[in-house]
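Report on the following structure.
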Amino acid sequence: MAKVVIVTGASRGIGAATARLLATRGYAVGVNYRTRAQQADEVVAQIIAAGGKAVALQADVSNESDVIRLFDETERALGSITHLVNNAGGLFAQSRLVDIDLERFNRVLQTNLTSCFLCCREAARRLPAGGAVVNLSSVAARLGAPFEYIDYAASKGAIESLTKGLSTELAGQGIRVNAVSPGLIYTDIHADGGEPGRVDRLGPSLPMKRGGQPEEVANAIAWLLSDEASYVTGSIVDVAGGR
Ligand code: NAP
(Lines give C-alpha, C1' and ligand atoms only; values in the text may rest on other atoms or scores of the structure.)
Protein backbone atom coordinates (compact mmCIF):
# COMPACT_ATOMS: atom_id res chain seq x y z
CA MET A 1 0.00 0.00 0.00
CA ALA A 2 1.42 3.41 -1.01
CA LYS A 3 1.56 5.53 2.15
CA VAL A 4 0.03 9.01 1.97
CA VAL A 5 -0.19 11.08 5.16
CA ILE A 6 -1.68 14.46 6.02
CA VAL A 7 0.17 16.25 8.83
CA THR A 8 -1.94 19.17 10.02
CA GLY A 9 -0.11 22.27 11.24
CA ALA A 10 3.16 21.23 9.61
CA SER A 11 4.57 24.68 8.83
CA ARG A 12 6.66 24.68 12.02
CA GLY A 13 7.44 22.91 15.28
CA ILE A 14 6.43 19.30 15.90
CA GLY A 15 4.35 19.15 12.70
CA ALA A 16 7.27 20.21 10.50
CA ALA A 17 9.61 17.71 12.19
CA THR A 18 7.00 14.97 11.74
CA ALA A 19 6.47 15.78 8.05
CA ARG A 20 10.22 15.64 7.41
CA LEU A 21 10.64 12.33 9.28
CA LEU A 22 7.66 10.61 7.66
CA ALA A 23 8.95 11.57 4.21
CA THR A 24 12.18 9.71 4.97
CA ARG A 25 10.06 6.66 5.92
CA GLY A 26 8.42 6.54 2.49
CA TYR A 27 5.25 8.54 3.06
CA ALA A 28 4.06 11.10 0.52
CA VAL A 29 3.25 14.02 2.81
CA GLY A 30 0.49 16.62 2.72
CA VAL A 31 2.06 19.53 4.60
CA ASN A 32 -0.93 21.46 5.92
CA TYR A 33 -0.60 25.01 7.21
CA ARG A 34 -3.01 27.79 8.13
CA THR A 35 -1.07 31.07 7.67
CA ARG A 36 2.66 30.42 7.22
CA ALA A 37 2.83 29.57 3.51
CA GLN A 38 6.53 30.35 3.20
CA GLN A 39 7.51 28.07 6.09
CA ALA A 40 5.31 25.27 4.73
CA ASP A 41 6.97 25.69 1.30
CA GLU A 42 10.37 25.39 2.99
CA VAL A 43 9.36 22.11 4.66
CA VAL A 44 8.21 20.79 1.28
CA ALA A 45 11.44 21.94 -0.39
CA GLN A 46 13.52 20.17 2.29
CA ILE A 47 11.56 16.95 1.77
CA ILE A 48 11.92 17.09 -2.01
CA ALA A 49 15.65 17.93 -1.75
CA ALA A 50 16.06 14.78 0.38
CA GLY A 51 14.36 12.68 -2.31
CA GLY A 52 10.86 12.60 -0.78
CA LYS A 53 7.42 13.58 -1.99
CA ALA A 54 5.30 16.38 -0.46
CA VAL A 55 2.92 19.22 -1.22
CA ALA A 56 1.95 22.27 0.85
CA LEU A 57 -1.78 22.64 1.42
CA GLN A 58 -3.44 25.66 3.00
CA ALA A 59 -6.49 24.92 5.15
CA ASP A 60 -7.89 26.09 8.46
CA VAL A 61 -8.61 22.68 9.94
CA SER A 62 -11.14 24.08 12.40
CA ASN A 63 -13.35 24.84 9.38
CA GLU A 64 -15.44 21.97 7.97
CA SER A 65 -15.30 22.90 4.27
CA ASP A 66 -11.55 23.57 4.52
CA VAL A 67 -11.01 20.07 5.94
CA ILE A 68 -12.97 18.38 3.15
CA ARG A 69 -11.05 20.45 0.59
CA LEU A 70 -7.74 19.53 2.30
CA PHE A 71 -8.49 15.81 2.00
CA ASP A 72 -9.71 16.17 -1.60
CA GLU A 73 -6.67 18.21 -2.68
CA THR A 74 -4.27 15.79 -0.95
CA GLU A 75 -5.86 12.84 -2.76
CA ARG A 76 -5.64 14.63 -6.11
CA ALA A 77 -1.97 15.55 -5.55
CA LEU A 78 -0.64 12.43 -3.79
CA GLY A 79 -3.20 9.60 -4.07
CA SER A 80 -5.49 7.92 -1.54
CA ILE A 81 -4.85 9.02 2.05
CA THR A 82 -3.75 6.18 4.32
CA HIS A 83 -2.54 8.00 7.46
CA LEU A 84 -3.31 11.18 9.41
CA VAL A 85 -1.48 13.21 12.07
CA ASN A 86 -3.75 15.68 13.87
CA ASN A 87 -1.03 18.03 15.04
CA ALA A 88 -2.49 21.54 14.49
CA GLY A 89 -3.03 23.30 17.78
CA GLY A 90 -2.50 26.46 19.68
CA LEU A 91 -2.93 28.41 22.88
CA PHE A 92 -3.15 31.99 24.11
CA ALA A 93 -1.44 34.05 26.81
CA GLN A 94 -0.99 32.52 30.24
CA SER A 95 -3.99 33.37 32.36
CA ARG A 96 -6.13 32.16 35.27
CA LEU A 97 -9.48 30.64 34.34
CA VAL A 98 -11.29 33.54 36.02
CA ASP A 99 -9.85 35.89 33.39
CA ILE A 100 -10.53 33.76 30.28
CA ASP A 101 -13.35 35.20 28.18
CA LEU A 102 -15.80 33.03 26.26
CA GLU A 103 -14.48 34.02 22.84
CA ARG A 104 -10.99 32.79 23.70
CA PHE A 105 -12.34 29.59 25.28
CA ASN A 106 -14.35 28.80 22.15
CA ARG A 107 -11.41 29.63 19.86
CA VAL A 108 -9.12 27.26 21.76
CA LEU A 109 -11.66 24.45 21.55
CA GLN A 110 -12.17 25.08 17.84
CA THR A 111 -8.46 25.23 17.05
CA ASN A 112 -7.52 22.12 19.02
CA LEU A 113 -10.60 19.94 19.39
CA THR A 114 -13.01 20.77 16.55
CA SER A 115 -10.10 20.45 14.11
CA CYS A 116 -9.25 17.00 15.51
CA PHE A 117 -12.90 15.92 15.29
CA LEU A 118 -13.30 17.14 11.69
CA CYS A 119 -10.09 15.51 10.46
CA CYS A 120 -10.80 12.25 12.36
CA ARG A 121 -14.27 12.13 10.80
CA GLU A 122 -12.83 12.60 7.33
CA ALA A 123 -10.22 9.90 8.05
CA ALA A 124 -12.93 7.52 9.31
CA ARG A 125 -14.75 8.01 6.01
CA ARG A 126 -11.70 7.53 3.79
CA LEU A 127 -8.85 5.53 5.39
CA PRO A 128 -8.35 1.92 4.24
CA ALA A 129 -7.67 -1.10 6.45
CA GLY A 130 -4.06 -0.81 7.61
CA GLY A 131 -4.38 2.95 8.00
CA ALA A 132 -3.63 4.82 11.20
CA VAL A 133 -4.28 8.14 12.95
CA VAL A 134 -2.19 9.90 15.59
CA ASN A 135 -3.66 12.80 17.55
CA LEU A 136 -1.56 15.32 19.50
CA SER A 137 -2.58 15.61 23.13
CA SER A 138 -0.45 17.19 25.87
CA VAL A 139 0.54 16.40 29.45
CA ALA A 140 -1.65 19.44 30.16
CA ALA A 141 -4.61 17.06 29.71
CA ARG A 142 -3.76 15.38 33.03
CA LEU A 143 -2.05 18.32 34.79
CA GLY A 144 -4.80 20.83 33.95
CA ALA A 145 -2.40 23.73 33.24
CA PRO A 146 -3.57 25.85 36.22
CA PHE A 147 -2.62 29.56 36.09
CA GLU A 148 -1.57 29.09 32.46
CA TYR A 149 -4.17 27.70 30.05
CA ILE A 150 -6.91 25.51 31.49
CA ASP A 151 -8.83 26.03 28.23
CA TYR A 152 -5.98 24.40 26.29
CA ALA A 153 -5.69 21.56 28.86
CA ALA A 154 -9.43 20.87 28.59
CA SER A 155 -9.25 20.72 24.80
CA LYS A 156 -6.44 18.16 25.06
CA GLY A 157 -8.37 16.08 27.62
CA ALA A 158 -11.22 15.90 25.13
CA ILE A 159 -8.81 14.82 22.38
CA GLU A 160 -7.80 11.85 24.57
CA SER A 161 -11.48 10.86 24.99
CA LEU A 162 -12.01 11.20 21.24
CA THR A 163 -8.92 9.06 20.59
CA LYS A 164 -10.13 6.29 22.90
CA GLY A 165 -13.63 6.25 21.46
CA LEU A 166 -12.66 6.37 17.81
CA SER A 167 -9.99 3.69 18.27
CA THR A 168 -12.71 1.30 19.38
CA GLU A 169 -15.09 2.29 16.58
CA LEU A 170 -12.42 1.72 13.91
CA ALA A 171 -10.57 -1.29 15.36
CA GLY A 172 -12.80 -3.75 13.47
CA GLN A 173 -11.97 -1.98 10.20
CA GLY A 174 -8.24 -2.45 10.78
CA ILE A 175 -7.58 1.25 11.43
CA ARG A 176 -5.59 2.22 14.53
CA VAL A 177 -6.04 5.50 16.42
CA ASN A 178 -3.56 6.65 19.08
CA ALA A 179 -2.36 9.86 20.70
CA VAL A 180 1.02 11.26 21.63
CA SER A 181 1.16 13.43 24.73
CA PRO A 182 4.22 15.72 24.69
CA GLY A 183 5.54 17.59 27.69
CA LEU A 184 7.80 20.61 27.34
CA ILE A 185 9.05 20.75 23.75
CA TYR A 186 11.20 23.48 22.19
CA THR A 187 8.83 25.16 19.71
CA ASP A 188 7.38 28.63 19.17
CA ILE A 189 4.08 27.70 20.84
CA HIS A 190 5.49 28.94 24.17
CA ALA A 191 6.10 32.42 22.74
CA ASP A 192 2.43 32.44 21.71
CA GLY A 193 1.63 31.72 25.37
CA GLY A 194 3.64 34.80 26.34
CA GLU A 195 6.79 33.05 27.67
CA PRO A 196 9.35 32.18 24.97
CA GLY A 197 11.78 30.84 27.60
CA ARG A 198 9.24 28.53 29.30
CA VAL A 199 10.98 25.28 28.33
CA ASP A 200 14.35 26.51 29.65
CA ARG A 201 12.69 27.66 32.90
CA LEU A 202 10.77 24.44 33.60
CA GLY A 203 12.89 21.79 31.79
CA PRO A 204 15.41 21.36 34.67
CA SER A 205 12.55 20.47 37.07
CA LEU A 206 11.63 17.38 35.03
CA PRO A 207 12.97 13.89 35.92
CA MET A 208 15.12 13.98 32.76
CA LYS A 209 16.21 17.57 33.62
CA ARG A 210 15.56 19.00 30.16
CA GLY A 211 12.96 19.96 27.60
CA GLY A 212 12.42 17.84 24.50
CA GLN A 213 13.06 18.44 20.82
CA PRO A 214 10.32 18.30 18.15
CA GLU A 215 12.16 15.38 16.51
CA GLU A 216 11.79 13.32 19.71
CA VAL A 217 8.00 13.71 19.47
CA ALA A 218 8.09 12.99 15.73
CA ASN A 219 9.83 9.65 16.44
CA ALA A 220 6.95 8.53 18.67
CA ILE A 221 4.36 9.66 16.10
CA ALA A 222 6.15 7.79 13.31
CA TRP A 223 6.30 4.63 15.42
CA LEU A 224 2.59 4.75 16.24
CA LEU A 225 1.73 5.22 12.55
CA SER A 226 3.97 2.35 11.50
CA ASP A 227 3.35 -1.39 11.31
CA GLU A 228 5.78 -1.78 14.23
CA ALA A 229 2.84 -0.57 16.35
CA SER A 230 0.44 -3.03 14.68
CA TYR A 231 -1.14 -4.15 18.01
CA VAL A 232 -1.33 -0.65 19.55
CA THR A 233 -4.59 1.27 19.43
CA GLY A 234 -6.38 3.60 21.83
CA SER A 235 -3.07 4.35 23.57
CA ILE A 236 -1.82 7.68 24.83
CA VAL A 237 1.99 7.73 24.63
CA ASP A 238 3.74 10.28 26.86
CA VAL A 239 6.83 11.96 25.38
CA ALA A 240 7.51 14.13 28.37
CA GLY A 241 10.89 13.44 29.96
CA GLY A 242 9.37 11.42 32.78
CA ARG A 243 6.67 13.79 34.05
P1 NAP B 1 3.51 25.48 16.95
O2 NAP B 1 4.98 25.54 16.78
O3 NAP B 1 2.81 26.66 17.54
O4 NAP B 1 2.86 25.11 15.55
C5 NAP B 1 1.48 25.01 15.44
C6 NAP B 1 1.13 24.64 14.04
O7 NAP B 1 -0.29 24.46 13.98
C8 NAP B 1 1.49 25.68 13.01
O9 NAP B 1 1.99 25.01 11.87
C10 NAP B 1 0.15 26.34 12.68
O11 NAP B 1 0.04 26.77 11.32
C12 NAP B 1 -0.79 25.18 12.87
N13 NAP B 1 -2.17 25.56 13.10
C14 NAP B 1 -2.71 26.19 14.18
N15 NAP B 1 -4.02 26.35 14.02
C16 NAP B 1 -4.33 25.80 12.80
C17 NAP B 1 -5.52 25.64 12.06
N18 NAP B 1 -6.69 26.09 12.55
N19 NAP B 1 -5.47 25.04 10.85
C20 NAP B 1 -4.29 24.58 10.36
N21 NAP B 1 -3.12 24.70 11.02
C22 NAP B 1 -3.16 25.30 12.22
O23 NAP B 1 3.08 24.23 17.86
P24 NAP B 1 3.89 22.94 18.37
O25 NAP B 1 4.53 23.28 19.66
O26 NAP B 1 4.71 22.37 17.28
O27 NAP B 1 2.69 21.98 18.74
C28 NAP B 1 2.19 21.02 17.84
C29 NAP B 1 1.15 20.19 18.59
O30 NAP B 1 1.74 19.62 19.75
C31 NAP B 1 -0.04 21.03 19.09
O32 NAP B 1 -1.23 20.29 19.01
C33 NAP B 1 0.33 21.29 20.54
O34 NAP B 1 -0.81 21.53 21.33
C35 NAP B 1 1.01 19.98 20.90
N36 NAP B 1 1.91 20.09 22.06
C37 NAP B 1 3.01 20.89 22.03
C38 NAP B 1 3.83 20.98 23.15
C39 NAP B 1 5.07 21.83 23.21
O40 NAP B 1 5.66 21.95 24.28
N41 NAP B 1 5.50 22.44 22.11
C42 NAP B 1 3.49 20.26 24.31
C43 NAP B 1 2.36 19.46 24.30
C44 NAP B 1 1.57 19.38 23.16
P45 NAP B 1 0.43 28.27 10.84
O46 NAP B 1 1.68 28.61 11.59
O47 NAP B 1 0.63 28.12 9.36
O48 NAP B 1 -0.71 29.15 11.20
Side-chain angles (χ1 to χ4, degrees), residues 6-21 30-44 56-67 69-71 74 84-92 94 106-119 134-143 145 148-149 151-160 162-163 179-203 206 210-218 220-221 236-241 243:
I6 294 176
V7 182
T8 68
S11 58
R12 67 180 198 176
I14 293 167
T18 302
R20 283 190 291 261
L21 178 64
V31 175
N32 162 247
Y33 67 96
R34 179 181 48 177
T35 54
R36 292 182 172 81
Q38 197 184 333
Q39 285 182 242
D41 286 343
E42 278 167 27
V43 173
V44 168
L57 299 148
Q58 194 286 327
D60 176 348
V61 288
S62 65
N63 178 294
E64 185 174 29
S65 55
D66 273 26
V67 168
R69 178 176 54 76
L70 170 65
F71 276 68
T74 304
L84 169 68
V85 180
N86 279 312
N87 166 81
L91 43 72
F92 293 103
Q94 291 162 338
N106 284 335
R107 275 183 70 190
V108 169
L109 287 188
Q110 264 200 307
T111 301
N112 297 330
L113 178 59
T114 305
S115 62
C116 184
F117 156 69
L118 288 171
C119 291
V134 172
N135 297 325
L136 267 290
S137 181
S138 166
V139 294
R142 64 181 151 79
L143 300 176
E148 292 195 312
Y149 6 74
D151 48 359
Y152 171 83
S155 73
K156 294 299 187 179
I159 284 173
E160 295 192 2
L162 190 156
T163 302
V180 165
S181 180
L184 290 160
I185 309 301
Y186 283 98
T187 74
D188 292 327
I189 202 171
H190 305 286
D192 290 352
E195 190 187 356
R198 183 166 174 267
V199 179
D200 280 333
R201 177 172 67 84
L202 295 171
L206 299 176
R210 66 172 179 88
Q213 295 299 331
E215 290 75 17
E216 295 181 288
V217 182
I221 295 170
I236 317 291
V237 175
D238 287 347
V239 184
R243 179 161 70 168

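Read the numbers this way: they start at 1 and go in the same order the structure lists the ligands and their atoms. Positions are given from 1 along the sequence. Hydrogens, waters and symmetry mates are skipped; everything else that's a heavy atom, side chains included, is used.
Ligand-side atoms of ligand 1 in range of T111: 15 (N), range being under 4.0 angstrom from any heavy atom. The contact set between ligand 1 and L136, taken as ligand atoms under 4.0 Å from a residue heavy atom, comprises 30 (O), 32 (O). Numbered from 1 in the order shown, with element, the atoms of ligand 1 that lie under 4.0 Å from a heavy atom of A59 read 19 (N), 20 (C). Ligand 1 places these atoms under 4.0 Å from at least one heavy atom of N32: 20 (C), 21 (N). Residue-ligand proximity, D60 to ligand 1, at heavy-atom distances under 4.0 Å covers atoms 17 (C), 18 (N), 19 (N). For ligand 1, the atoms closer than 4.0 angstrom to any heavy atom of R36 are 45 (P), 46 (O), 47 (O), 48 (O). Every atom of ligand 1 with a heavy atom of Y152 under 4.0 Å away is listed here by number and element: 33 (C), 34 (O), 35 (C), 36 (N), 43 (C), 44 (C).
Under a 4.0 angstrom heavy-atom cut-off, K156 registers as being in contact with ligand 1. Using a 4.0 Å cutoff on heavy atoms, Q110 does not count as a contact of ligand 1.
Neither the backbone nor the side chain of S115 comes within contact range of ligand 1; no heavy atom lies under 4.0 Å.
Nearest protein heavy-atom contact of atom 22 (C) of ligand 1 is A88 CB, 3.6 Å. Nearest protein heavy-atom neighbour of atom 41 (N) of ligand 1: T187 OG1, 3.1 Å. Nearest protein heavy-atom contact of atom 31 (C) of ligand 1 is N87 O, 3.1 Å. If you check which protein heavy atom lies closest to atom 19 (N) of ligand 1, you get V61 N, 3.0 Å. At the shortest separation from atom 48 (O) of ligand 1 among protein heavy atoms lies T35 OG1, 2.7 Å. At the top of the distance list for atom 5 (C) of ligand 1, counting protein heavy atoms only, stands G89 O, 3.7 Å. Looking from atom 17 (C) of ligand 1 to the surrounding protein, the closest heavy atom is R34 CD, 3.6 Å. Of the protein's non-hydrogen atoms, R12 NE, 3.1 Å is the one closest to atom 2 (O) of ligand 1.
Distances from atom 38 (C) of ligand 1 to the heavy atoms of G13, S11, G183 show the closest one on G183. Among G212, G9, A218, A56, the residue whose heavy atom lies nearest to atom 6 (C) of ligand 1 is G9. The heavy atom nearest to atom 27 (O) of ligand 1, out of those in D66, I14, T18, is found in I14.
Taking every heavy atom of both residues into account, A40 and S11 meet most closely at N-CB, 4.0 Å. Among all heavy-atom pairs drawn from T114 and S62, the shortest one is CG2-O, 4.1 Å. The shortest non-hydrogen separation linking C119 to L84 is O-CD2, 3.4 Å. In plain terms, the two heavy atoms of G211 and V199 that are nearest each other are CA-CG1, 3.6 Å. What you find for S137 and P182 is that their closest heavy atoms are O-CD, 3.3 Å. In this structure, I221 and T18 approach most closely via the heavy-atom pair CD1-OG1, 3.5 Å.
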_Pair Y33, D41 - check side chain to side chain donor-acceptor pair (under 3.5 Å), show working._
CA-CA 10 Å; Y33 67 96; D41 286 343; 5.8 Å; no
_What verdict does the side-chain contact (heavy atoms from CB on, under 4.5 Å) test give for L136 and V217, after you've listed the backbone C-alpha separation in whole Å, the side-chain angles of each residue and the deciding distance to 0.1 Å?_
CA-CA 10 Å; L136 267 290; V217 182; 4.3 Å; yes
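The backbone N or O of E160 lies less than 3.5 Å from no partner atom in the side chain of N135, so there is not a single donor-acceptor pair. Distance alone, capped at 3.5 Å, is enough to place a donor-acceptor pair between the E216 side chain and the Q213 backbone.
The structure places CD of Q58 at 7.5 Å from CG of N32, a figure rounded to the nearest 0.5 Å.
Within 6.0 Å of CZ on R107 lie no more than 12 heavy atoms contributed by other residues, nucleotides or ligands.
Salt-bridge annotation for R142 and D238: present, with a side-chain N of the basic residue lying under 4.0 Å from a carboxylate O of the acidic one.
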